[in-house]
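Here is the structure we will look at.
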Amino acid sequence: MYDKLLTCLKSVRAKTDFQPEAGLILGSGLGDYADSVRMEAVVEYADIDGFPVSTVKGHKGRFVFGYVKDVPVVIMQGRVHYYEGYAMSDVVLPTRLMGMLGAKKLLLTNAAGGVNRNFRPGDFMMITDHIAAGVPNPLIGRNCEELGERFPDMSEVYSVRLREVIREAAGECGIALREGVYVQFTGPSYETPAEIRMCQAIGGDAVGMSTACEAIAARHMGLEVCGISCITNMAAGMSGEKLSHREVQEIADRVSGQFKKLVTEIVVRM
Ligand code: HPA
């Protein structure tokens, strides 16, 4: 696994020597955020030796290196999902690669279903913690000592400092920020109403198919992590409506302007 990472790193470094301070993973609704940064270099996933390439429609696959205002960032435009069939170690490989490229902080974004009854589609939720019991842990397998320790602490996955930064950024944008716990399932089917009732019972506020595994891999290697969910729908059984990818994308697109503004305000402060 570490050898594969080194191969990917070499492949990227053959194309750019850009030194990012922060990493960004773009979820639904933010796909074109990278177009608004001052781009210095682009590296297509397909051009990185050994890199897992995303198959989801509407998900681009490339790293964008550039500046958000004056902050040097590496942006993952399109992530890799476990439901695509990759090993969990491949799902988090891009996250680890961003760390190896020099990013010290990581902002994770996603689209998620609202589990908390007070949430509404179009809301933004700052992730305060996660429950990743629905997916295999990305650290399973021989521990890579070069990256981090065998049994890393996860009592503060989402940095308290960065949470304050996000609250300030949301205030600046006039966004009524929600806060809560993100629950990750594998997908690709949406959850059943019974699974959503379980999420409520165990303390979840939003549900999705990414992010928590990336946060674990990032914390393992000591990155400072934060995350935002765009609530695109009420989770299964909560609204009487069926779920569809189209609806998720429509809502994500509708609030993408606000989402992009929020991300910029976070990045300049983080
Ligand atoms: N469930 C899982 N993933 C999601 C959802 C959902 O309701 N909405 C957007 N991503």
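Every number for a ligand or one of its atoms is a count from 1 in the order of the listing.
Contacts of E145 classified as side chain to side chain donor-acceptor pair (under 3.5 Å), with partners at least two apart in sequence or in another chain: N143. Checked against salt bridge (Lys or Arg N to Asp or Glu O under 4.0 Å), R167 has the following partners two or more places apart in sequence or in another chain: E164, E179.
Listed by first and then second residue, the salt bridge (charged side-chain N to carboxylate O under 4.0 Å, His left out) pairs involving residues 251-263 are D32-K260 (not counting sequence neighbours).
Protein residues with a heavy atom under 4.0 Å from ligand 1 are A111, A112, G113, Y190, E191, V207, G208, M209, T232, N233, L243, V248.
The main-chain N or O of L26 is never found under 3.5 Å from a side-chain atom of Q77 such that the two would form a donor-acceptor pair.
Under the 3.5 Å distance criterion, with hydrogens and angles disregarded, no donor-acceptor pair is assigned to the side chains of Y83 and S189.
Using a 4.0 Å cut-off between charged nitrogen and carboxylate oxygen, R62 and D35 count as a salt-bridge pair.
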